[in-house]
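As structure tokens, the structure follows; a few thoughts come after it.
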Amino acid sequence: MNQYHPLFTNAEARTIKEEICEIGRRVYTKGFAAANDGNISYRIGENEVLCSPTMICKGFMKPEDICMVDLDGGQLAGIKKRTSEILLHLTIMKHRPDVKAVVHCHPPHATAFAVAREAIPQCVLPEIEVFMGEVPLAPYETPGGQEFADTVVPFLKATNTIILTNHGTVSFGKTLEEAYWKTEILDAYCRILILAKELGGITYLNEQKSRELLGLKQKLGFDDPRFHLENCDLCGNSAFREGYKAVDAPEPQTCAFEPPPSYPGYLQPPASGSNGSPQVNEALVQAITDQVLAALKG
């Protein structure tokens, strides 16, 4: 059985087009895409993808502007030409069958890290550790072609959010809102980091609290590369080391901030419960869960 419906009905496709336009308005209103920047896509069939057209402001799109392409980028429908960077979206969808929605834009604070080629610090903010984890920086390539799209491939298995070096960000998920939220969370975190730098720097969590957060993440059912890599430092931005080797790119370094502390891999915790798993602070589990539910209701 195919994972996707052969094709949505006209009414269902219209709804998806309206959702793409709504996400475009959010991206534009938040200042994540100036003028014609950014692009959005949603997979509606085994070989059909709806996407924003080229040369259009994401804040002013209408459902009739949305194009349809196949997984090779060939345009199937639409009165406007499809986005020039659709190959990035399609490459993500080909390598991640679970992904239906992709959002690419230029959120200013996250893009500041992209142009500085600065690693995103870990073990700083609980919500980031639990709901995002390490964010890799794909190496730079001229946007638009398949070579550009392929820069993200080595990182796709272990993340839903990638910084595009000297360019912007791309985030993806099962729904358009989920893909968009990843971008919003990342840019908010990068803004906090930049503000903290102006105040004197960031304070890393200690090893025990870092392990508690990973234990919480595991308990909530979220995956993380640090669960599977024996030699992965908890806060050292090393989970994607093999990915950087695959594209012959240097690992990004934390230069604007104090270097992260060195904690041994998650699979060899120095302190654990009787069953060998890291001890989890139940109050912390409830507190963060309550925050997330409140945010979703808002």
Review point. Which pairs count as disulfide (SG to SG under 2.5 Å) when at least one residue sits in residues 115-169, sequence neighbours excluded?
Key: Cys123-Cys235
Check your understanding: Considering only heavy atoms from C-beta outward, does the side chain of Lys81 approach that of Pro53 to under 4.5 Å?
Key -> no
Practice item. Taking the side chain as every heavy atom from C-beta outward, state whether Leu71 and Arg43 have any atom pair closer than 4.5 Å. Key: yes
**Study point:** Option among Asp37, Ile162, Ile86, Asn39 that satisfies the side chain to side chain contact (heavy atoms under 4.5 Å, CB included) test with His104
**Key:** Asn39
Point to revise | Side-chain heavy atoms of Val49 within contact of Asp70, under 4.5 Å | key: no
Mind listing the side-chain donor-acceptor pairs of residues 135-156 below 3.5 Å, one per line with the distance, residues two or more places apart or on another chain?
unit_1	atom_1	unit_2	atom_2	d
Gln146	NE2	Thr91	OG1	3.0
Gln146	NE2	Asp150	OD1	2.8
Thr151	OG1	Phe148	O	2.7

Review point. Within a strict 4.5 Å, meaning less than it, do heavy atoms of the Ile163 and Leu186 side chains meet?
Key: yes
Check your understanding: Would you say Lys30 and Tyr180 make side-chain contact, with heavy atoms under 4.5 Å?
Key -> yes
For residues 191-205, which side-chain donor-acceptor pairs fall under 3.5 Å, sequence neighbours excluded?
unit_1	atom_1	unit_2	atom_2	d
Lys197	NZ	Ala256	O	2.4
Tyr204	OH	Glu258	O	2.7

Review point. More than 12 foreign heavy atoms under 6.0 Å from NZ of Lys157: is that the case here?
Key: no
**Study point:** Heavy-atom pair of closest approach, residues Lys100 and Lys174
**Key:** CB-O, 3.7 Å
Point to revise | Spatial distance of atom OG (Ser171) from atom CD (Glu178) [nearest 0.5 Å] | key: 9.0 Å
Practice item. Work out which heavy atom in Thr161 is nearest to a heavy atom in Phe172; give both atom names and the distance. Key: N-CZ, 4.2 Å
Revision key, fill the gap. Closest non-hydrogen contact found for Thr169 with Ala110 is CG2-CB, 3.8 Å
Practice item. Give the cluster check for Phe60 versus Val27: same hydrophobic cluster or not, with ILVMFWY residues linked at side-chain heavy-atom distances below 4.5 Å. Key: no
Exercise for review: Can you measure from SG (Cys105) to CD1 (Ile23) and round to the nearest 0.5 angstrom?
Suggested key: 10.5 Å
Check your understanding: Just wondering, do Ile128 and Val124 contact through their side chains at under 4.5 Å, heavy atoms?
Key -> no
Review point. Under 4.5 Å between any side-chain heavy atoms of Gln75 and Cys67, yes or no?
Key: yes
Review point. Salt bridge check: are Asp72 and Lys94 linked by an N-O gap of less than 4.0 Å?
Key: yes
Point to revise | Residues which pass side chain to side chain donor-acceptor pair (under 3.5 Å) with Ser210, listed by chain and number, not counting sequence neighbours | key: none
Point to revise | Shared-cluster residues of Met55, by chain and number - hydrophobic side chains joined below 4.5 Å | key: none
Exercise for review: Output, in order, the C-alpha distance, side-chain angles, deciding distance and verdict of salt bridge (charged side-chain N to carboxylate O under 4.0 Å, His left out) for Glu177 and Arg26.
Suggested key: CA-CA 10 Å; Glu177 278 206 338; Arg26 296 189 196 185; 2.7 Å; yes
Check your understanding: In Å, rounded to the nearest 0.5 Å, how long is the span from SG of Cys21 to CE of Met61?
Key -> 5.0 Å
Check your understanding: Under the disulfide (SG to SG under 2.5 Å) rule, what pairs show up with a residue in residues 125-156, not counting sequence neighbours?
Key -> none
**Study point:** Residues Arg226, Glu129; criterion salt bridge (charged side-chain N to carboxylate O under 4.0 Å, His left out); working and verdict
**Key:** CA-CA 11 Å; Arg226 291 170 288 182; Glu129 291 303 295; 3.0 Å; yes
Practice item. Answer whether the closest heavy-atom distance between the side chains of Leu88 and Leu164 falls below 4.5 Å. Key: yes
